Amino acid sequence: MMTNGVVHANVFSIKDWVTPYKIAVLSLLYEMSTTKPMALLDRRRLNKLILPIQQGPDLTLEQFLKIVEECCLRMVNAVKLRLFLMADGELQDMEHFFTMLPNAFSDSEAFKTSVVGLFMRQMLLAYNKLSFSQVYKLYKSLQQYCRRGNQPELSAEDMELTSNEDPSADRIDKDELDTASLHQSESDETRGPLSQKQAEYFLARQAYLLKNDENKAMSPAKLQDELNNILKFNPDFAEAHYLSYLNSMRVQDIYISTHSLLHYFDRLILSGGEGKSNGDEGYGRSLRYAVLNLATLHCRFGHYQQADLALQESIRIAQEANDHVCLQHCLSWLYTLEQMKGSDSVVLTEDSVKIAAHFCLPYLASLGIQSLVQQGAKQGMPANKLLDALRGTDIMHWKQSLSELIEISLAQTTSIWRMYGKSTMARQQAQLLLNMNSLEPVNFGVQQNNTEAFAVTLCHLAELHAEQGLYAVVSDIMKHLKQQFPPHTQHAKLWMLCDLKIQFEKAMNDGKYHLADPHVTAISALNSTEGLYRKAQLLKALNQTTKASKILKQLQQRCEKSKNTEMIISYNYNKKSCVVCRMMLASAELHWDSATGFATAVPLLLQALALSRQHNLQSLTSETLLHLAFTQLMLGIPEQALVLVQDVLESVLAHGSLIDKGRALLLAARCHMALAGAAAQEHRLTAVHTLDEAAVYFSQLDCKERMRDIHYLQARLHHSLGNISQRNKCAMLFRLLDQELPSSGMTVVNRL
């Protein structure tokens with residue numbers, strides 16, 4: 001008698017057996033073959049359904065009929081009638097079905113070598129090899145399958161396709177059948193034990209979905225249950241261990257992910273070693289890549305010391321085996337690890353690109369070039385050089401059909417344009433990526449859109465739309481991001497931070513500082529540097545200048561000490577100059593409100609201007625010039641202030657946000673008002689038109705505090721021009737907003 005261990009080891013060696021689900025599939029194929037007058041669209045849908053239902057795991061009757069109903073409603077009734085005729089009849093009815101099954105395909109399109117023909121012949125062969133007791137058990141399980149709508153619990157021993165009769169097989173004991181039943185998963189994907197083909201199909205499908213569309217894959221808990229069920233009957237199934245590793249990475253479970261990864265390579269080495277320690281095959285190669293994968297795992301969880309040790313071990317083994325490909329992968333991860341630790345890795349990256357090109361490894365060479373572009377952006381290289389480098393790699397990507405690298409390149413280009421202040425070009429590149437058809441073979445109805453490149457691009461689009469006051473569009477984008485990247489997924493942190501920043505900016509623009517305070521706490525949990533900067537902004541708006549100054553000093557010290565600088569603008573590029581420039585601008589604004597006055601803010605602004613120009617940051621350069629112009633205006637130099645505003649106004653109107661456009665126009669109007677003497681009517685009229693334009697931008701953002709300032713200035717201008725009715729109208733609007741809004745120390749006099 002076979003032991004349980006032998007039975008479990010042989011589950012996957014049984015490639016085909018007859019189950020009630022297979023009988024349901026045969027019934028569908030039989031009805032499709034005998035039903036000649038069928039709509040062309042229905043037949044096409046059913047033909048596309050044949051391969052998945054044959055290769056996929058067994059389904060319940062309810063699930064099976066549901067997917068058939070989606071293709072052809074008429075066929076559902078025929079299949080259901082056929083199954084219940086057998087289940088409600090006698091054993092000879094099922095026997096009669098298998099007897100007439102070959103005749104239905106004799107004159108049809110299903111040839112012996114076709115998918116349908118091979119499947120039918122396998123099932124007939126399997127059925128003919130069953131003993132009488134096994135046929136009877138099959139008939140009973142078919143009755144349970146049809147009446148309960150659930151897959152019956154059958155042991156692999158009952159359905160084993162062997163011509164040898166089991167002397168004890170004639171005993172049909174329900175209690176024995178129950179004790180031999182296999183584990184039933186709670187998942188909708190699989191029920192009971194799987195054959196080798198079904199298990200491979202299931203693992204391939206789930207791995208593809210995890211890579212390309214995680215939402216359509218099974219939930220982490222259900223998938224782990226299924227994998228445990230598969231490993232229960234074949235613990236040496238290496239691919240199941242690897243999928244368990246990928247599934248554990250979804251929920252950041254380092255224990256199970258490490259455990260599964262080590263088990264995967266243990267099984268891989270034991271199954272394919274054959275005593276080879278070197279070369280491209282054998283356990284030597286598996287061992288090298290096992291250690292390399294372990295290093296990447298530690299990199300993912302931020303264990304840099306363990307990752308470095310694993311990389312050094314992998315390099316040593318690869319050098320002993322003279323495996324240049326593995327060495328190149330190790331070098332790629334080595335410079336990636338140095339970047340994650342905040343060290344300078346330009347030399348390592350350049351060496352990696354040269355060696356990868358020498359050994360004809362285009363994927364690794366392109367990754368190295370993209371990494372060099374990212375480091376070049378941090379160092380302030382001109383945009384034309386960075387984009388030329390990316391354009392050169394894009395040609396190779398399209399030739400090699402490397403769609404993943406094409407997506408990364410487009411996302412990088414979006415980030416570069418955004419970082420340099422070209423919002424129009426950033427939107428264009430983002431749309432190119434979102435509208436690009438994937439070059440990957442699309443299976444299971446999946447579009448490749450859950451990669452980091454898509455997440456970064458969508459976050460950029462959300463912020464760009466928020467800057468233009470299109471919050472309804474932002475809501476739609478964030479809704480899509482939350483659906484595509486659930487909170488437990490790898491890239492969910494991107495949209496979480498993006499959403500919080502948008503909500504914070506909106507609350508600040510609306511003057512609702514009590515709503516912005518909780519967002520600061522949430523932002524700090526995701527990005528401590530970003531959180532400190534936002535907290536300083538909030539404290540400054542609340543006139544708590546002393547606390548805001550302390551936080552800015554703390555942020556400056558952190559940036560000076562930490563090599564791994566974090567960025568406040570973009571997602572891909574952690575640019576220290578951006579952080580420093582924004583800290584200088586915030587500090588200058590604090591000087592405006594201090595006793596030292598506006599003069600002490602000039603050195604800071606000039607320093608920030610030099611730094612932003614050095615790193616080609618156009619948006620920050622424009623913002624710094626506006627701060628400098630406002631300082632000059634308050635120091636009594638309106639002519640110079642107006643010249644500065646006019647120099648940057650075109651750039652701000654072309655690429656700036658609504659709040660920046662409104663502030664620039666408001667500042668220009670104030671400069672004209674300061675220049676308007678007793679007879680300078682032209683400046684007053686220009687100021688009126690400029691204020692009207694600024695009011696349009698502020699009204700789109702619903703910035704009531706800014707609108708209050710605009711109405712105050714409009715009332716003064718109309719009074720000086722003698723427009724009494726317009727003056728009274730603007731004064732009334734100012735009065736209404738002043739009564740509605742809480743009193744604040746920030747007025748049009750002391751803020752930009």
Side-chain angles (χ1 to χ4, degrees), residues 206-214 217 220-221 223-224 227 239 241-266 268 286-315 326 328-343 345 348-349 352 363-364 367-368 370-371 374 404-405 407-408 411 450-456 459 484-497 525-528 563-564 566-567 571-574:
Q206 291 299 318
Y208 185 88
L209 291 174
L210 286 181
K211 178 179 181 293
N212 295 302
D213 196 349
E214 190 174 330
L223 180 55
Q224 194 61 45
L227 294 173
E239 288 77 5
H241 286 289
Y242 191 76
L243 187 58
S244 176
Y245 155 70
L246 295 178
N247 188 47
S248 302
M249 294 292 285
R250 297 166 67 188
V251 293
Q252 305 294 313
D253 191 331
I254 186 172
Y255 175 77
I256 297 181
S257 57
T258 307
H259 177 82
S260 300
L261 183 63
L262 295 177
H263 273 285
Y264 165 70
F265 283 104
D266 286 345
L268 200 64
S286 299
L287 184 60
R288 295 192 293 274
Y289 284 97
V291 180
L292 180 58
N293 275 269
L294 188 61
T296 63
L297 176 66
H298 286 301
C299 280
R300 174 78 175 272
F301 287 100
H303 305 156
Y304 300 139
Q305 184 177 2
Q306 293 89 329
D308 188 54
L309 293 174
L311 271 177
Q312 298 301 329
E313 178 68 13
S314 181
I315 292 172
C326 184
Q328 185 56 35
H329 280 282
C330 293
L331 183 56
S332 299
W333 273 104
L334 191 61
Y335 73 69
T336 302
L337 179 61
E338 292 299 318
Q339 290 179 18
M340 297 174 71
K341 292 191 294 186
S343 304
S345 60
L348 276 176
T349 310
S352 175
Y363 189 92
L364 294 178
L367 280 179
Q370 289 175 345
S371 178
Q374 181 173 344
E404 186 176 357
L405 293 182
E407 295 169 2
I408 295 175
N450 74 326
T451 59
E452 183 181 11
F454 276 93
V456 169
C459 288
Q484 201 63 36
F485 302 92
H488 66 271
T489 56
Q490 177 183 357
H491 308 306
K493 181 181 177 181
L494 293 173
W495 65 257
M496 290 180 180
L497 183 59
L526 295 173
N527 189 317
S528 57
K563 294 182 179 180
N564 187 17
E566 296 174 278
M567 186 177 173
Y571 297 94
N572 287 25
Y573 304 104
N574 302 326

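Values reported hereafter were calculated over all heavy atoms of this structure, with side chains retained and with hydrogens, waters and symmetry mates removed. From a predicted model like this one, the values you see are computed outputs, not experimental measurements.
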How far apart are the closest heavy atoms of [X] and [Y], and which atoms are they?
X    : Y    : value
H241 : S260 : O-CB, 3.3 Å
T296 : N293 : OG1-O, 2.6 Å
S257 : L297 : OG-CD1, 3.8 Å
E407 : A453 : O-CB, 3.6 Å
F485 : T451 : CZ-O, 3.6 Å
A217 : L210 : CB-CD2, 3.9 Å

With rounding to the nearest 0.5 Å, note down the distance linking [atom1] in [X] to [atom2] in [Y].
X    : Y    : atom1 : atom2 : value
C299 : K341 : SG    : NZ    : 9.0 Å
S332 : L367 : OG    : CG    : 7.0 Å
L337 : D308 : CG    : CG    : 5.5 Å
Q312 : L309 : CD    : CG    : 8.0 Å
E452 : I408 : CD    : CD1   : 7.5 Å
Q339 : S345 : CD    : OG    : 3.5 Å

Next on the checklist: The criterion is salt bridge (charged side-chain N to carboxylate O under 4.0 Å, His left out); which residues satisfy it with E239, sequence neighbours excluded?
Outcome noted: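 Once residues adjacent in sequence are excluded, E239 has no partner under the salt bridge (charged side-chain N to carboxylate O under 4.0 Å, His left out) criterion.
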Next on the checklist: Under a 3.5 Å distance rule, please check whether T349 uses its side chain to pair with a backbone N or O of G368 as donor and acceptor.
Outcome noted: no
Checklist entry - Is Q370 reaching over with its side chain to a backbone N or O of L405, donor-acceptor style, under 3.5 angstrom? => result yes
Student check: side-chain heavy atoms of [X] and [Y] closer than 4.5 Å:
X    : Y    : answer
M496 : P487 : yes
Q252 : R300 : yes
L227 : Q206 : no

Checklist entry - Parallel, tilted or perpendicular: which describes the rings of H329 and Y289, with under 30° parallel and over 60° perpendicular? => result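 Rings of H329 and Y289: perpendicular, as their planes differ by over 60°.
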Checklist entry - How are the rings of Y242 and Y245 set to each other: parallel, tilted or perpendicular (split at 30° and 60°)? => result tilted
Item to check | Steps toward side-chain contact (heavy atoms from CB on, under 4.5 Å) verdict (S314, W333) | outcome: CA-CA 11 Å; S314 181; W333 273 104; over 6 Å; no
Next on the checklist: H491: which residues meet the side-chain hydrogen bond (donor to acceptor under 3.5 Å, both in side chains) condition with it, sequence neighbours left out?
Outcome noted: none
Next on the checklist: Which residues pass the side-chain hydrogen bond (donor to acceptor under 3.5 Å, both in side chains) test with Q224, not counting sequence neighbours?
Outcome noted: N228, S244, N247
